[in-house]
Chemist: 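Please find one structure pasted underneath; my questions will follow.
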There are 4 protein chains.
Amino acid sequence: MAATITERGRVDKRQAILDAAFTVFARRGYARACVQEIAEVAGVAKPTVYNHFTDKDTLFRHALTAAADAVLATNLALVDRLRDPHPPLPTALADLAYRLAEGCCDERSRALRWLTYSQVAQSPDLIDKVLSRTADRLGDALADRFARLALAGRVRIADPARAAEHFLVLITGPLEGRSRLGTRPVPPADLRAVTTAAVDTFLAAYRTPDEER
Amino acid sequence: MAATITERGRVDKRQAILDAAFTVFARRGYARACVQEIAEVAGVAKPTVYNHFTDKDTLFRHALTAAADAVLATNLALVDRLRDPHPPLPTALADLAYRLAEGCCDERSRALRWLTYSQVAQSPDLIDKVLSRTADRLGDALADRFARLALAGRVRIADPARAAEHFLVLITGPLEGRSRLGTRPVPPADLRAVTTAAVDTFLAAYRTPDEER
Amino acid sequence: MAATITERGRVDKRQAILDAAFTVFARRGYARACVQEIAEVAGVAKPTVYNHFTDKDTLFRHALTAAADAVLATNLALVDRLRDPHPPLPTALADLAYRLAEGCCDERSRALRWLTYSQVAQSPDLIDKVLSRTADRLGDALADRFARLALAGRVRIADPARAAEHFLVLITGPLEGRSRLGTRPVPPADLRAVTTAAVDTFLAAYRTPDEER
Amino acid sequence: MAATITERGRVDKRQAILDAAFTVFARRGYARACVQEIAEVAGVAKPTVYNHFTDKDTLFRHALTAAADAVLATNLALVDRLRDPHPPLPTALADLAYRLAEGCCDERSRALRWLTYSQVAQSPDLIDKVLSRTADRLGDALADRFARLALAGRVRIADPARAAEHFLVLITGPLEGRSRLGTRPVPPADLRAVTTAAVDTFLAAYRTPDEER
DNA sequence: CATGAATGAGGTTTCATTCAT
DNA sequence: TATGAATGAAACCTCATTCAT
């Protein structure tokens, strides 16, 4: 009982606030989100928010970087599946592409992109922080895989970083178009079509030596 | 006569307001831009803004679509240069890619992207309007060119729309990364590197028949 | 009728705000006075206050300097009565002293002193502005009178500024004590006693040559 | 023993809080001083402040009366030097005046005056408490000395209380003007000039019988 | 007794928008 | 039509004060 009460005070209000903040920011955007609502969603009083995070701005940054970390973790896990591709490469890549695309369409990922973009003019440093925690590290991880695959002769890639970048933009670029920057759901069939096209083009460009004629 | 001048004055004011609006929105973002400042930059009084555009929101939409039209016009002109490519295709594409990339880094184009993205949650329909006036139509135009080139046997493209999309994202995608979503200037050398890489990959994937081994 | 309506908008809301501001600041002190209440007392909406005066602070300064000017005007008028003292000097001085003392106990004058003092730590420049508009100029004016009287041989004063200063503090100093810094009304009898004592001491120190023995 | 130390610690903390409170109140004024900062300066946690003093207001009163007592003690010690003035009276008075003036310009004394004045509207009773502990008792003490001096025939004073009051305001009044209510340091030369003038006027008014012509 | 954490209340300010000329 | 002046609505933030340890 006493423990329960104690718990109430302890069970990371800080985390609750962070989560609520991301939810509300995602729902309303930075400017239209009011700390009041964040506090309500988090189940705390407004000043508690300010006790943990100095500013609305500070809160925003924390919420965004947390979300960025989470998104990155998910994506890294996917890339990691390329580590030992028993299935033939095209299949493995198609699978990866599809799953990445799915992740891209995920609520959290979309909100992260919106919010990051929306603050471009106000806080360029935040953009840097988010990008370095997401796109950059995802690109790196993928480049690592590509380098291994190239060494193993599974694919002909001279510049793994470039290849990774191209692979990713061939997926995410068309996806942004199809989903109208994430405002419209992309049916699975379209998701499949986009990723298939991406992998096709990618493999045609970086085709494995043994597939050459 | 006097009427004409008045008419002129009116038209000019409207345009001045639109320009000022885009300038201020680009500088501050939608929420932080205040109608007051827009009026000042336009050299009119605040109510005059409301006489021409009902709402801050309406003004925003008009300003954005106007900017979108302008950006599109620039890009279409570039694509049009592919109409009769006397120079060999790789050179022509590289040239196009570089010029598109340049345009992408342009102040107006960057601001347009920021602002569009930032309002994703508030007005999805605006996103649609902007995209259909820019990316979509640019893709179409490029697809047209690709179709002609394919017919002429200059390149092997089965799905011109898809090829156009891939061509464009191979340029813009990496650029967004390099420029940190447009917050950092991209030196010409990097611009060249990115576009060269894009064209390389594109041509490797959609290589011209006569270049095949 | 239309004129009436016009009047409503015109009849210096600015002045109404200034008056209300002084009233409310005097009632509550700077910090506890809220702009809300000032607006209500002035019969305008809160933002109107901010349209005329940028800040609560700015409003405070304007209100205080306006009050200072008013208080000064009253006091100068009193001093001016010394210009041609047909009545014997002691009577004239006693009269002046009494009237100055009365003015000192006046609501507005007391509030001005409180408010000025209370902001000493926050805005020393305001203190300067108020003092130079009140005490300094009152001292000057009185010194002028004393100089004339000395020239006329009515009183023996070597340093008129010093004499004026002493004359004034002999009145206001004891008054602050009696009134407990203005928190307690001073009955007319006490007022008379204080001023009589002041003039006695003053004349004893600066007695006219012909009165000596 | 341990109890003693604890007791000590407690006493020390209470005193530390009182000191910190006066420091912070003096620095910021009543309203802008926040208990948080007082606690920090005192080196304790916020609730500790509330454990010792119920209120911000209560704390203020305690801090102010403590300061008033200290200021009074200093001044009384000065007045006490008049007890047996072997030196000629004018010198002794000039000395006293100068020392009182110095004390008046002291940081603590100035802050005490500011703070007292600033709360005039909020807590008239506090004004009473402070005045009765400072000005009143100082006046009394001085009146005592004057009475003795008068009895000894050193000075012609019919009403010692009145004389004491006049003596003090002739010093402090001009000083407040010169120092702009304490916001500007008064150079020693000015201090000397002011006090000399005060004593001159005082002695001219209450001149000793044997000095008369 | 001392404290970290939480909160209720309230205040300044900003801004989109509308009158009335 | 263009504008100076006015306003309603809200949002951020601060702070005195209290729990529960």
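The chains referred to below are lettered A, B, ... by the order of the sequence lines, with proteins before strands, and numbering in each begins at 1.
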Chemist: Just the rounded figure in Å: distance from P of F:dA16 to CD of D:Glu40.
Modeler: 12 Å
Chemist: Could you pick out which residue, C:Val49 or A:Asp57, lies toward the 5' side of DNA chain F when each is mapped onto its nearest nucleotide?
Modeler: C:Val49
Chemist: For a quick check of understanding: with a heavy-atom distance under 4.0 Å over all strands, which category does A:Ala39 fall into, base, sugar-phosphate or nothing?
Modeler: nothing
Chemist: Using purine N1 to pyrimidine N3 plus N6-O4 or O6-N4 for Watson-Crick, or N1-O2 and O6-N3 for G-U wobble, both under 3.5 Å, which nucleotide pairs with F:dA20?
Modeler: E:dT3
Chemist: Write down the distance between CZ (B:Arg14) and P (F:dT1), rounded to a whole number of angstrom.
Modeler: 12 Å
Chemist: Out of F:dA10, F:dT1, E:dG11, which nucleotide sits closest to the side chain of B:Asn51?
Modeler: F:dT1
Chemist: Between the main-chain N or O of A:Ala68 and the side-chain N or O of A:Arg133, is there a donor-acceptor pair closer than 3.5 Å?
Modeler: no
Chemist: Which sits closer to the 5' end of DNA chain E, A:Val44 or C:Tyr50, going by the nucleotide each is nearest to?
Modeler: A:Val44
Chemist: Under 6.0 Å from the ring centre and within 45 degrees of the ring axis: does the NZ or CZ of B:Lys56 meet both conditions for the six-membered ring of B:Tyr30?
Modeler: yes
Chemist: In whole angstroms, how far is the C1' atom of E:dT12 from the CZ atom of C:Phe25?
Modeler: 12 Å
Chemist: Which comes earlier along DNA chain F counting from the 5' end, the contact point of C:Pro47 or that of D:Arg32, where each point is its nearest nucleotide?
Modeler: C:Pro47
Chemist: Report yes if at least one side-chain N or O of C:His52 is closer than 4.0 Å to OP1 or OP2 of F:dA6; otherwise report no.
Modeler: yes
Chemist: Examine the side chains of D:Arg27 and D:Thr23 and answer whether a donor and an acceptor come within less than 3.5 Å of each other.
Modeler: no
Chemist: What heavy-atom pair brings D:Ala33 and D:Arg28 nearest, and what distance separates the two atoms?
Modeler: N-CB, 3.7 Å
Chemist: Is B:Ala31 touching bases, backbone alone, or none of the nucleic acid, heavy atoms closer than 4.0 Å?
Modeler: nothing
Chemist: For D:Phe60 and F:dA16, what is the distance between atoms CZ and C1' respectively, to the nearest whole Å?
Modeler: 16 Å
Chemist: Nearest-nucleotide wise, let me know which of D:Thr48 and C:Tyr30 is further upstream toward the 5' end of DNA chain E.
Modeler: D:Thr48
Chemist: Under a 3.5 Å cut-off for both contacts, is F:dC13 paired Watson-Crick or G-U wobble with anything, and if yes, with which nucleotide?
Modeler: E:dG10
Chemist: Taking atom types as they are modelled, would you say the side chain of B:Lys46 forms a donor-acceptor pair with the base of F:dT3 within the 3.5 Å cutoff?
Modeler: no
